[in-house]
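Notes for the one structure printed next.
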Amino acid sequence: MIKVVFFAALREQLNCSQLSLNSENLVTVADLKKQLASKDEKWQKVFANNTLLSAVNHDMVSSEQTIKSGDEVAFFPPVTGG
Amino acid sequence: MIKVVFFAALREQLNCSQLSLNSENLVTVADLKKQLASKDEKWQKVFANNTLLSAVNHDMVSSEQTIKSGDEVAFFPPVTGG
Amino acid sequence: MTNTTYPEISIQTADFSLADEVALLERNNAIDGAVVTFTGRVRNKNEGKEVTSLTLEHYPGMTEKSLVTIIKQAKERWRIGRVKVIHRVGELFIGDQIVFVGVTSKHRQDAFAANEFIMDYLKVQAPFWKKEACQSGVNWLDAKSSDKNKAAKW
Amino acid sequence: MTNTTYPEISIQTADFSLADEVALLERNNAIDGAVVTFTGRVRNKNEGKEVTSLTLEHYPGMTEKSLVTIIKQAKERWRIGRVKVIHRVGELFIGDQIVFVGVTSKHRQDAFAANEFIMDYLKVQAPFWKKEACQSGVNWLDAKSSDKNKAAKW
């Protein structure tokens, strides 16, 4: 299983802060994004945004990053702290 | 008359913090330095130091700066505040 | 307020005291002659709009990891002594303190550079998000490309 | 402690409070989101020698004029809000505060740059001199060529 978390505008748009997915057939973050985007039109639209950032186990990563069962994957908009 | 003031190491070396000079025959700061250096061996030695800084009426100046009666001329070592 | 696992950082809802933080940076630290602080506060205007409040969200766990990494990078690049980074989360109002970065060093240049580097990297790497409330409503702030460019210059 | 003729600067023997100075910079100032401070303190060592105290001499009148000019230059170069520069004179001991520079701005980059510029120029243009007391005796400090080079880079 893979834990997926969403933050800020993304969390609100999806109305979802967290979900779990079976990690079968998922090799990379890109695969995970594709699978999430296939849920419905809303998710498709949100994941079409190419400014979205991804993190795996609390490290910022690119979409090519491989993932495995037990990982925590996060998706969020560009950060605006400070 | 020209008021001449000395600071820090320079003041201690000369054992003098302030003096007044007749401004006749003095056109520039360089002239003033030359006249002060001619006082005695100690003054000559101190004014031979080419790192000495000069100010006229509270503005840092070069030795070519012209001076006139009523001016306050200062000589001091490179500054070390902050 | 200090995170006991990571004493150099704190993510907190509570306010902080600049004086207390600087006192901690300076205590028993007579080898460092320079202390540079940055404090970021909620401005009354942002891009022309009157702001009434900001709400800060963050990603617990990743926030700490990213700040610790940024501080580590700063220590590798400059000869600095002590560092403290505080970032508040939750709802904040005009004039409230948002973020504090304090750096000490023997010589001032290192503290200035490391402090600005930490802020620049925090702005583009630490997972915080600001939601702004103004008279026209509530909206998430967009990231600024100028912040991205500024971080890339280091 | 504030000089009434030049409210942005103060040359004083008394200590100052960082918290009070920052509070003044921030009071009724919700347009500026960034506050950068520099505090310089007496270090316990200088070039390998154990220091016991420093005595600061200055040139009254010229000091004020030079600091006012430096602040004016900073305001011409960066978009900054409020500025305060405090420099102590007289005898100071290990850990004592020597100098404070505080700058506010809308955006952080201006406050960082202006603060460091003011310190760099103060170091080479403001007529202050330090006499250092250590176990081997008392001597006037030499100016550092690195300070001259740093100021020349702006």
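No experiment lies behind these values; they were computed from the predicted model shown. Hydrogens, waters and symmetry mates play no part in the numbers below; they use all other heavy atoms, side chains included. Protein chains get the first letters and strands the later ones, always in sequence-line order, with residue 1 at the start of each.
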Using non-hydrogen atoms and a 4.5 Å limit, figure out which bit of W129(D) sits close to chain B: side chain, backbone, both or neither.
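Contact with chain B involves both backbone and side-chain atoms of W129(D).
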Considering only heavy atoms, which portion of D142(D) lies under 4.5 Å from any heavy atom of chain B: side chain, backbone, both, or neither?
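Answer is backbone: N, CA, C or O of D142(D) sit under 4.5 Å from chain B.
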Is any side-chain heavy atom of [Y] closer than 4.5 Å to one of [X]?
X: M62(D); Y: F76(B); result: yes
X: T80(B); Y: F128(D); result: no
X: E64(D); Y: H58(B); result: no
X: E12(B); Y: K131(D); result: yes

Measure across I98(D) and G82(B) and return the closest heavy-atom pair with its distance rounded to 0.1 Å.
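Minimum heavy-atom separation between I98(D) and G82(B): CG2-O, 3.9 Å.
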Does anything in residues 105-126 of chain D get under 4.5 Å of chain B by heavy atoms, and if so which residues?
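Result: M119(D), L122(D), K123(D), V124(D), Q125(D), A126(D).
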Sort by residue number and list every member of residues 29-52 of chain B having a non-hydrogen atom under 4.5 Å from chain D.
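Counting heavy atoms that sit under 4.5 Å from chain D, no residue of residues 29-52 of chain B is involved.
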Rounded to the nearest 0.5 Å, how far does OH of Y59(D) lie from CG of L53(B)?
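Here the rounded value is 12.5 Å.
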H58(D) ring center within less than 6.0 Å of F7(B) ring center
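No, the ring centres sit 6.0 Å or more apart.
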Output the option from A55(B), A74(B), P77(B) having the highest count of non-hydrogen pairs under 4.5 Å with chain D.
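Option with the top pair count is P77(B).
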